[in-house]
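Step one of this worksheet: look at the structure below.
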Amino acid sequence: MSSKIFNLSISDEGKTATVSGWVEKVRDHGGVIFIDLRKDLDLVQVVIEPSEKEIFTVAENIKNEFVIEVSGLVRKRPDGKENTKMNTGEIEVCANKLHVFSKSKPLPFQLDEYSNAGEEIRLKYRYLDLRRPEMHENLIMRSEINNFVRNFLVKKGFVDIDTPMMTKATPEGARDFLIPSRVNQGKFYALPQSPQLFKQLLMVSGFSKYFQIARCFRDEDTRKDRQPEFTQIDIEMSFTSCEEIMNISEDLIVKLFKKILKVDLVKFPKITHKESMEKYGTDKPDLRNPIILHDVKDLFIDSNFKVFKDPANDEKSKLVALKLKIDISRSQIDEYTKFVGNFGAKGLAYIKVNDISDIEKGLQSPIVKFLSKTELQNLVKKLDLNNGEVVFFGAGNKKIVLDSMSAFRQKLAEDFDLIDKTSWKPVWITDFPMFDETSEGTLTPSHHPFTKSLSTLDLLEKSPEQAISEAYDLVLNGFELGGGSMRIHDIEEQKKIFSLLGISNEEAKQKFGFFLEALEYGCPPHGGIAFGLDRIVMLMANEDSIRDVIAFPKTQSAMCLMTDAPDKVSNDELEDLSIKSTFEETE
RNA sequence: GGACCGGUAGUUCAGUUCUGGUUAGAACGCCGCCCUGUCACGGCGGAGGUCGCGGGUUCGAGCCCCGUCCGGUCCGCCA
């Protein structure tokens with residue numbers, strides 16, 4: 001065993017070495033002082049003996065996190081005094097020279113593995129938090145992942161091209177971060193939500209394989225896997241197909257996992273968006289979760305139970321059931337009723353299966369009295385119910401049922417420990433619908449407005465809600481790792497999509513004129529994909545939040561606790577930009 | 001914009017509700033003294049608190065009520 005950073009091992013015994021770093025820990029025995037010296041992830045023990053009179057008095061005043069340099073003899077530790085937990089545990093440096101580069105105040109929180117500082121203080125003193133081995137390892141892994149992705153794509157002939165960070169606002173999609181222009185008074189740049197149009201234009205420019213590890217910005221509220229600035233592995237190719245893009249992507253992810261985690265991922269299954277919604281209620285299913293949703297509309301079409309009968313007979317409604325074998329209390333069910341209530345569900349019907357042989361008395365539930373014996377028998381048969389199982393129902397508005405039941409499915413699996421946390425379950429979701437319907441009844445792109453459709457222009461025109469796009473997402477353990485599509489390369493088709501989206505010719509010209517014009521100068525068929533790098537690192541580092549794999553992240557309220565950004569600016573600065581704030585401070 | 005959880009010593013937490021009542025505790029860290037083989041060193045002693053902030057109820061509030069700020073999880077939002 002030898003140490004990478006200090007480059008010391010038992011073979012250096014007898015040599016003189018100079019080591020520098022941070023004081024991880026001082027153990028002052030009065031007579032002899034031990035110092036664990038840290039640099040990056042490495043530790044080495046320094047011994048200061050009282051015979052070294054000058055440095056001993058200095059050493060007596062050394063505290064944790066001082067930055068020092070010592071020189072001295074590398075020697076084998078006494079028999080039985082080796083520390084097997086330490087890389088350099090067989091040896092120690094017996095100091096005869098000691099220099100203090102920098103003292104340290106006591107830290108606002110302890111860095112050792114036995115303490116557990118809160119996120120607020122960790123973020124305020126992020127530079128200290130990053131000294132901790134966990135954070136150090138995460139950022140090193142992030143660097144390795146970055147590096148691997150670059151090498152992989154470059155080897156495949158992709159060209160890494162930067163696109164602007166100061167660009168044009170795009171009112172579609174997420175809210176833009178705006179940058180006021182001083183030179184062009186009254187006008188604004190925007191930070192890119194993604195390099196989408198630029199990478200498509202690079203296809204027009206004849207770069208047939210482009211990639212970029214690109215910072216993107218979206219002014220929307222945060223989640224544990226979302227913050228206002230994030231990093232995408234952005235890829236685009238011309239003269240390609242869905243299959244080729246998915247193959248390259250899969251190859252990239254498989255090799256990445258092999259290289260970094262020594263994990264072999266099996267061939268990624270593909271399921272359609274429709275199937276995913278039916279079985280899991282979401283387009284980013286966690287396939288580690290064994291629970292699936294069952295459509296039970298057919299069982300209750302003629303039911304006397306209105307709560308089931310109405311949705312069973314309504315196109316825009318859903319009636320689904322899920323089952324699992326658990327012991328569950330009344331109060332837990334109440335908790336879950338509240339949980340699905342967050343998604344708009346009005347209730348959570350359930351049936352406990354106590355004795356399958358007695359349909360009348362063996363099923364325990366507030367709703368069995370409303371259901372006929374035949375309905376119950378059919379339910380038992382359809383769901384293959386067994387004693388000890390509980391069935392939960394979601395009934396009503398399609399979106400509410402799917403949102404609530406998919407979240408509930410995941411919550412149950414987590415609460416009852418049904419998920420193998422060590423496993424990796426990637427899945428491609430394909431055949432997304434072209435459009436989603438907004439609450440106002442208008443169409444909005446399910447991916448983005450440049451996505452090519454598998455459906456004919458005719459079908460797009462007549463029943464756009466049925467149109468399928470050439471879009472695909474890669475989902476891993478319930479997280480959307482990336483998504484992409486084939487793009488429209490024909491100007492007429494692009495205009496058609498804009499018109500279906502309710503974007504007028506004038507509006508399209510004003511917002512995307514440069515892009516539409518480019519389509520008129522020889523645009524190759526093309527497509528691409530973008531991966532969320534932060535999420536990939538988060539999952540690979542086994543962290544719960546992307547904040548733990550970002551060196552200087554934002555909080556939930558989009559602030560940086562270390563720098564206090566965002567902050568006020570002076571009126572002079574605003575005047576330069578012709579900006580006047582209407583914000584009124586409350587006491 | 002909304003729901004929920006949290007905010008008490010430098011840090012991590014207990015105390016808080018049902019039940020408001022003298023001087024708000026613990027551990028780690030910090031400071032002092034002692035200690036020559038520790039490695040989460042050990043021993044003895046000590047300092048350290050605007051109970052997030054503001055208001056209210058009360059004879060009396062860390063505890064009850066209202067508001068607000070900060071952190072987190074989620075809904076909305078995220079083409």
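Every chain is numbered from 1, with letters handed out A, B, ... down the list of sequences. Values in this document were obtained by computation on a predicted structure and should not be read as measured data.
Within the 4.0 angstrom heavy-atom criterion, base atoms lie near A/Pro78. If you check every strand for non-hydrogen atoms under 4.0 Å, A/Gln193 touches nothing. Contact annotation for A/Glu113: no contact, since no heavy-atom pair falls under 4.0 Å across all strands. Base contact: A/Asp221 has a heavy atom under 4.0 Å from a base atom. Among the atoms of the strands shown, none is found under 4.0 Å from any heavy atom of A/Glu480. If you check every strand for non-hydrogen atoms under 4.0 Å, A/Leu501 touches nothing. A/Glu119 comes within 4.0 angstrom of the backbone, heavy atoms only, and of no base. Within the nucleic acid shown, A/Thr170 has no heavy atom closer than 4.0 Å to any nucleic acid atom.
Taking the side chain of A/Glu220 as heavy atoms from C-beta on, and the options B/G71, B/C78, B/A79, the nearest nucleotide is B/C78. When distances are taken from the side chain of A/Lys81 to each of B/G76, B/C30, B/U38, the shortest belongs to B/U38. Between B/G1, B/G37, B/G71, one nucleotide has an atom nearer to the side chain of A/Gln45 than all others, and that is B/G37.
Scanning both residues, A/Gln212 and A/Thr163, for their nearest heavy atoms gives NE2-OG1, 3.0 Å. Here the closest non-hydrogen pair linking A/Lys224 and A/Asp544 is CD-O, 3.3 Å.
As rounded to whole Å, 14 Å separates atom C1' of B/U11 from atom CD of A/Glu65. Nucleotide B/C74 holds its C1' atom 10 Å from the NZ atom of A/Lys224, rounded to whole Å. Here B/C28 presents its C1' atom at 13 Å from OH of A/Tyr114, a figure rounded to the nearest Å. In this structure, A/Asp112 places its CG atom 8 Å from P of B/G29, rounding to the nearest Å. B/C41 atom C1' lies 9 Å from atom NZ of A/Lys25, rounded to whole Å. Atom CZ in A/Phe109 sits roughly 16 Å away from atom P in B/A9 (whole-Å rounding).
The shortest distance between the side-chain N/O atoms of A/Arg27 and the OP1/OP2 oxygens of B/C41 is below 4.0 Å. Distances shorter than 4.0 Å separate some side-chain N or O of A/Thr555 from OP1 or OP2 on B/G71.
No N or O donor and acceptor, one from the side chain of A/Glu120 and one from the base of B/G7, sit under 3.5 Å apart. The base of B/C39 sits within donor-acceptor range of the side chain of A/Arg77, with an N or O pair under 3.5 Å.
Taking the 5.5 Å centre cut-off and the 30° plane limit, the aromatic side chain of A/Phe34 is classed as stacked on B/U38. In this structure, A/His29 packs face-to-face on the six-membered ring of B/C41, meeting both the 5.5 Å centre cutoff and the 30° plane limit.
Between A/Gly30 and A/Phe450, the one whose closest nucleotide on RNA chain B sits nearer the 5' end is A/Gly30.
Judged by Watson-Crick or G-U wobble contacts below 3.5 Å, the nucleotide B/G10 has B/C28 as its partner.
Residues forming a salt bridge (Lys or Arg N to Asp or Glu O under 4.0 Å) with A/Arg218 (at least two apart in sequence, or on another chain): none. Checked against side chain to side chain donor-acceptor pair (under 3.5 Å), A/Glu49 has the following partners two or more places apart in sequence or in another chain: A/Arg75.
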